[in-house]
Amino acid sequence: IFLGPPGSGKGTQAKKLSSEKKWPQLSTGDMFRNSIQKGTKLGNMAKSYMDRGELVPDQVVIDMIADRIHDSDCKNGFILDGFPRTLPQAIALEELLIQQKLSLDKVVCFRIEDTELVTRLSGRRTCTQCGSMYHVEFAKPKKEGFCDRCNDFKLFQREDDQPQVIQNRLKVYHQQTSPLEGYYNKSK
Ligand code: ADP
Ligand code: ZN
């Protein structure tokens, strides 16, 4: 499990470890963004929460993850990136792992100051074509607003990387997700 606030780099690190170890990266945020792009019912529903920086209801996320970990590529393990995010999700995960005869190896916890997170998130830009990440100050593309790799494909700012939504995501993290650090420390 990669556990950490928005903008802490958990997705980036999960991606690296995933390609090194050949374990699939299960990012619930990416799964929702895919559904949104496809215009599915699940996507539309998730979007209404994501745009406000709120969490999607537990049961929805749990069902989605339960479905995914039954896929054959998950049988030798996987990296959870962005799940669990609440105590009920953590408890549901325990059940799911027992059913799958898997056990939790490690929880990697990312700790970064809020001010740093705000700087990272508000300047973040992505290429929707290749997934490359940029930052308007710290990882500038060669040509402002366009991807270096994708023949000048226009960069995109996530809807939830707007200042007000960032504030809410951080608040939600501190209230609902950070208690999981203690939860996993105790169950070590
Ligand atoms: P970040 O960690 O940068 O906030 P994610 O891509 O992990 O980004 O998540 C984006 C949004 O997707 C969250 O703000 C939330 O609305 C929704 N989401 C993702 N994972 C979960 C989860 N485990 N439980 C509830 N909502 C989730
Ligand atoms: Zn690109």
Side-chain angles (χ1 to χ4, degrees), residues 1-15 25-37 42-69 79-93 96 107-112 114 116-135 139-143 145-180:
I1 296 175
F2 279 26
L3 182 67
S8 59
K10 59 185 188 313
T12 306
Q13 300 305 323
K15 198 169 163 186
Q25 171 191 5
L26 274 48
S27 159
T28 43
D30 285 347
M31 289 157 110
F32 286 133
R33 279 184 290 275
N34 279 333
S35 307
I36 292 172
Q37 236 171 4
L42 174 73
N44 285 335
M45 192 269 271
K47 189 175 190 303
S48 63
Y49 294 92
M50 292 166 79
D51 284 352
R52 287 180 285 132
E54 296 291 329
L55 295 182
V56 177
D58 284 334
Q59 203 53 50
V60 175
V61 194
I62 292 165
D63 290 347
M64 183 173 75
I65 278 288
D67 252 18
R68 180 65 183 90
I69 67 178
I79 304 164
L80 289 167
D81 162 20
F83 180 92
R85 253 173 153 101
T86 64
L87 197 55
Q89 290 181 22
I91 293 165
L93 175 65
L96 288 171
V107 179
V108 181
C109 192
F110 292 71
R111 290 204 188 101
I112 321 269
D114 276 11
E116 172 69 18
L117 296 171
V118 173
T119 310
R120 288 188 188 185
L121 291 169
S122 53
R124 178 162 78 171
R125 300 290 183 277
T126 346
C127 171
T128 47
Q129 183 109 313
C130 72
S132 294
M133 297 270 213
Y134 297 89
H135 189 282
K140 288 185 182 171
K142 290 201 191 81
K143 183 175 155 197
F146 294 90
C147 182
D148 293 348
R149 292 191 204 165
C150 298
N151 236 335
D152 288 348
F153 199 82
K154 205 169 181 311
L155 297 178
F156 159 90
Q157 181 175 29
R158 262 170 59 171
E159 198 97 40
D160 58 351
D161 282 344
Q162 306 293 334
Q164 289 218 318
V165 186
I166 292 174
Q167 288 306 330
N168 199 39
R169 284 158 71 203
L170 292 176
K171 192 179 109 201
V172 166
Y173 183 82
H174 292 303
Q175 285 176 349
Q176 303 195 53
T177 309
S178 68
L180 293 182

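Count residues from 1 along the sequence. As the structure lists them, so they are numbered: ligands from 1, and atoms in each ligand from 1.
- Looking from atom 3 (O) of ligand 1 to the surrounding protein, the closest heavy atom is R169 NH2, 2.8 Å.
- Nearest non-hydrogen protein atom to atom 24 (N) of ligand 1 is Q89 NE2, 2.9 Å.
- Of all atoms in ligand 1, listed by their number and element, those nearer than 4.0 Å to a heavy atom of E54 are 15 (C), 16 (O).
- When side chains are defined from C-beta on, Q176 does not count as touching R85, because their heavy atoms never get closer than 4.5 Å.
- Q164 and N168 share no side-chain donor-acceptor pair at under 3.5 Å.
- A distance of 4.5 Å separates CE of M50 from CD1 of I36, quoted to the nearest 0.5 Å.
- Between G82 and ligand 1, an N or O atom pair is found at a separation short of 3.5 Å.
- Using a distance-only test at 3.5 Å, with no hydrogens or angles considered, no donor-acceptor pair links the side chain of S122 to the main chain of P163.
- For atom 8 (O) of ligand 1, the closest heavy atom belonging to the protein is R158 NH2, 3.2 Å.
- When side chains are defined from C-beta on, L26 does not count as touching F83, because their heavy atoms never get closer than 4.5 Å.
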Problem - Candidate pair D161 and R120, rule salt bridge (Lys or Arg N to Asp or Glu O under 4.0 Å), full reasoning - result: CA-CA 10 Å; D161 282 344; R120 288 188 188 185; over 6 Å; no

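- Of all non-hydrogen atoms in D51 and V165, the two that sit nearest each other are O-CG2, 3.4 Å.
- Nearest to atom 26 (N) of ligand 1 among the protein's heavy atoms is V56 N, 3.1 Å.
- Of the options R85, R120, M64, the smallest heavy-atom separation from atom 9 (O) of ligand 1 is shown by R85.
- Residue-level proximity to ligand 1 for V61 is carried by the side chain, the only part with a heavy atom below 4.0 angstrom.
- Scanning the protein for heavy atoms near atom 2 (O) of ligand 1, the closest one is K10 NZ, 2.7 Å.
- Protein N/O/S atoms found under 2.8 Å from the Zn ion (ligand 2): C127 SG, C130 SG, C147 SG, C150 SG.
- Q129 and C150 make their closest contact through CG-SG, 3.7 Å (heavy atoms, listed as atom of the first residue, atom of the second, distance).
- Here the closest non-hydrogen pair linking I112 and S8 is CG1-CB, 3.7 Å.
- For atom 17 (C) of ligand 1, the nearest protein heavy atom (residue, atom name, distance) is M50 CG, 3.8 Å.
- Of the protein's heavy atoms, T28 OG1, 2.7 Å lies nearest to atom 20 (N) of ligand 1.
- Taking each heavy atom of D148 and Y134 in turn, the nearest pair found is N-OH, 3.0 Å.
- Listed by number with element, the atoms of ligand 1 under 4.0 Å from a non-hydrogen atom of R33 are 6 (O), 10 (C).
- Between L170 and P6, the closest heavy-atom pair is CD2-CG, 4.0 Å.
- The two residues T119 and H135 have their closest heavy-atom pair at O-NE2, 2.9 Å.
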